[in-house]
4 protein chains.
Amino acid sequence: MTTSSHWVLTLDCPDRPGIVHAVTGAVAAAQGNITELQQFSSIDTGRFFMRVQVQTGFERSSFEESLAPLAAYLQATWTLDEVGRRRRTLILASKAAHCVNDLLFRQRSGLLPLEVVGVMANHPDLRPLATFYGVDFRDFVVLPETKAAFEADVLRRVEEDDVELVVLARYMQILSPELCRALAGRAINIHHSFLPGFKGANPYRQAHERGVKLIGATAHFVTPDLDEGPIIEQNVTRVDHTLDVHQLVARGQEQETRTLAEAVRLYAERRVFLDGPRTVIFA
Amino acid sequence: MTTSSHWVLTLDCPDRPGIVHAVTGAVAAAQGNITELQQFSSIDTGRFFMRVQVQTGFERSSFEESLAPLAAYLQATWTLDEVGRRRRTLILASKAAHCVNDLLFRQRSGLLPLEVVGVMANHPDLRPLATFYGVDFRDFVVLPETKAAFEADVLRRVEEDDVELVVLARYMQILSPELCRALAGRAINIHHSFLPGFKGANPYRQAHERGVKLIGATAHFVTPDLDEGPIIEQNVTRVDHTLDVHQLVARGQEQETRTLAEAVRLYAERRVFLDGPRTVIFA
Amino acid sequence: MTTSSHWVLTLDCPDRPGIVHAVTGAVAAAQGNITELQQFSSIDTGRFFMRVQVQTGFERSSFEESLAPLAAYLQATWTLDEVGRRRRTLILASKAAHCVNDLLFRQRSGLLPLEVVGVMANHPDLRPLATFYGVDFRDFVVLPETKAAFEADVLRRVEEDDVELVVLARYMQILSPELCRALAGRAINIHHSFLPGFKGANPYRQAHERGVKLIGATAHFVTPDLDEGPIIEQNVTRVDHTLDVHQLVARGQEQETRTLAEAVRLYAERRVFLDGPRTVIFA
Amino acid sequence: MTTSSHWVLTLDCPDRPGIVHAVTGAVAAAQGNITELQQFSSIDTGRFFMRVQVQTGFERSSFEESLAPLAAYLQATWTLDEVGRRRRTLILASKAAHCVNDLLFRQRSGLLPLEVVGVMANHPDLRPLATFYGVDFRDFVVLPETKAAFEADVLRRVEEDDVELVVLARYMQILSPELCRALAGRAINIHHSFLPGFKGANPYRQAHERGVKLIGATAHFVTPDLDEGPIIEQNVTRVDHTLDVHQLVARGQEQETRTLAEAVRLYAERRVFLDGPRTVIFA
């Protein structure tokens, strides 16, 4: 019995000639039809990145078997997934609703291939919103003395629910270096400034004081270095001297929601690769 | 004797499985190293498009020989060119200087891989500018009764000077259907509106009357249907109620220059493909 | 007893010298402090437009009394309102949720000064969303034979609930010329294209067929001429050849929501004036 | 004998109620017709800023006489100038041609109201360009031991030629604190990054290393604190992982030229005010 399926293959390995030919050979051996193909050789790191979408009647196991020897030969990190599969996602939040509302709305509308397994928050405010969207919501008191327990809960949740992506949707606490490392490459934060400008707290206040003419938002991978993780997506919007800090915050929310949503979409569709301190994005 | 060179291969053929594998096989046979690869299968037309940059020590003729049988088998239209080779370009102009100035400046600065063989204009105004950049300039009186002769001159110039691209840099006359067809896929026009809005004459006046909040520019291939050719690039900029037609014209010039320059860059780097009434752009 | 209040005064009259001086004189007579002032003289129509924000300890009636004689002398249409007052708004909708969700979320977050009195829809789908936000929802079967009754209901609702603004949030039916005229200058529609390109039905399909490189959305006042009303706000986003119609629709939703939200904000803050077929926007 | 003229009046003073009324009263006394009016009260500094364009048959001296007592009463800094008068401008440059070419082209085209009195450069490369545009060009060897002499030449030039604006059009040397202070509020620099990100040298290299997704340019007033002066204008453009530092430089040039041109236009039209460390821009 054959069933036609649509697969996305990602691959990341030391660069060398012939990789595209070899990979597309494996695709051809699986009678696959390529619907999308992108590749990049990083001069800075010497690594090669590839993303291929393939339609094939082969079963997953057969396709994997035809790819595995090649991947081993190339010393590649690789994944094979169904196109459009909803990625299991955990959201960390505080009080601010805009990013959480946007992600849950896009999930329900089918605009984002997510299955949000839950929202964990250090405030109860977003419970009604999560409940409306049928998403499990738990709130915690996160104080210095309870932070370690909360983070252990997060990690347990990630493991028990097979979470593939943790989204910090304006979660207003700093994660411990241990948790950052445990979630390396799997946790995306939205920072409310155009990094590297205005790192840290109160970026809109900083932006107002500096008198910038554009404000922005940056979605990046979480790392132990605050606001220094690899950047996935950035956007800006024009502002002027008439806007006070409160108004900058309001204007910035729109950039935060769209920037985070786009970063999550790119990640969920396996279009984001880590290349040292930078990302490769096959948009 | 081997010399390492950097090639760009483009290919356009009926879609079928295995093309990427086959082409990259020919690249591998030429001991080539892929530095850039993009491909697209058009659902609308059933055609496949590919652009590959390859570094190889093979000579051009050897590389061509390894590609020719494959291209024949695929019934492909294909080109093989050196990366960065300056494309032979003829500019048609009238009185407006902004696009011509921008193209010639970018040529000199190395920002555009062009070799402008000349400017042909229906007014003498731009002679000093062309002369400053060392570009041949000829002006013509283009009236109803002399238009056919002028167009014959253009075509002769295209043939004698091996012109690969004709740029209508705010050339304010309509080309005859015959010339449009003779230059099909080789002539780019800049229209001073965001097409399909405001076709024809005086688009800024039309934009003012309609009260739009963004004005734009569109670079497109020239076809016998006025302002209906396949679109290569578009940009817009924000305007408001305070701007009169004269000011819209001034604001629009910046969009015209950057839009035309980007379209010319994409074409010169062989990143533009025709897919029926649309373009495929490997940006 | 004096209470300090923040007022917004708008004024629209035939242009003549001295209006700003006269109006600011009335403000001074009311011991007012100007916090924002914008004015525009339209060359095309000979009309003058002004919006002033004033802080004053005067009561509303006293302030009005000091303004009324001047307004009469200037033959001005004028309004005096509290800054930040939530404008009574009726939403018309169909099945699409994105604009309604965005407007209701922004209302609750205080990002839009609206008091949505209800959602009237020709489908029941958005009932849970409206209910979550505590907004009255009524659905109707709108067929050729029931359309007149539905529109009568809309008008009755507008009158009974003192509705100041009707928002067509992707309401997929055409209003009758009578209703358009009855709501002239009070009804805003979001059209899912960059007008005047792609009027009418299926604009994303039209955009795909034409191969444009930017798609957009336009918020405009409703008039009997379909998609021809005065434009309030427009936005675009970049697209390419890889996106099919379905994907254009998804990308376009973000532009629709932000464009409609911005138009509604401008209207609610009394920043939008009609100047013949165009708008004057004091952003 | 009366001649109708178009004036621009700017005014900057401690904020207090009634300023707009008083100023428009002086305008009315001069039988002036306001064609444009903008004002702003800065909460942060307590200062008031105003720009008015006025058409009047009064002679300059009469108009000034009607304004002077008011300005004195308001303790205002004020200027009265003709709308569209070309401002006397000195350009400092090095080798890079793009900004100088753009400014001189816009001057000639009438897109910028400038009268460039000369280009002073620390390299001879741009002599032909300046000569083509009929602009005096002088090059200097600027070394540590000659820098003071060069800067004295600049200052002498500013004084002797009544220079109103000094533009650092990618002038690659740091001005001494003394010169910065002498030119305070009269010298505009273009920095090739989106400040406050990537201050100092090699911003495109920094941008590449950080992996940002947008690069930009910032036009700001020159102050003794490097790249910390009040920002006038900023723009960004999208980039991705495929671009090396050399390509970022090329892409960034377009942002540099348009950002500097816009800042110079705003300044030349007297739309830029200093409000402590920020600017007020009446765009």
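The model shown is predicted, which means the values in this text are computed figures rather than measured ones. Chain naming here is simple, since letters A, B, ... match the order of the sequence lines and numbering starts at 1 in each.
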Do the side chains of D/Glu228 and A/Arg210 get close enough for a salt bridge, i.e. N-O under 4.0 angstrom?
yes

Do [X] and [Y] have side chains that approach each other closer than 4.5 Å (heavy atoms only, starting at C-beta)?
X	Y	value
A/Ile281	D/Asp240	no
D/Phe194	A/Gln234	no
A/Lys213	D/Asn235	no

Crowded around [X] [atom1]? As in, over 12 foreign heavy atoms under 6.0 Å?
X	atom1	value
D/Leu274	CG	yes
D/Leu70	CG	yes
D/Arg205	CZ	no

D/His220 versus chain A, the contacting section by heavy-atom distance below 4.5 Å:
neither

Most heavy-atom pairs under 4.5 Å with chain A, out of D/Asp244, D/Leu195, D/Ile232, belong to D/Ile232

Spacing of A/Leu214 atom CG and D/Leu214 atom CG [to the nearest 0.5 Å]:
9.5 Å

Is any residue of residues 39-50 of chain D within less than 4.5 Å of chain A by heavy atoms, and which ones?
D/Phe40, D/Asp44

Give the minimum heavy-atom separation between A/Pro196 and D/Gly197, together with the two atoms involved.
CG-CA, 4.1 Å

Identify the two heavy atoms, one from D/Ile231 and one from A/Gly211, that lie closest to each other, and give their separation to 0.1 Å.
CB-O, 3.8 Å

Under a 4.5 Å heavy-atom cut-off, does chain D meet the side chain of A/Gln206, its backbone, both or neither?
neither

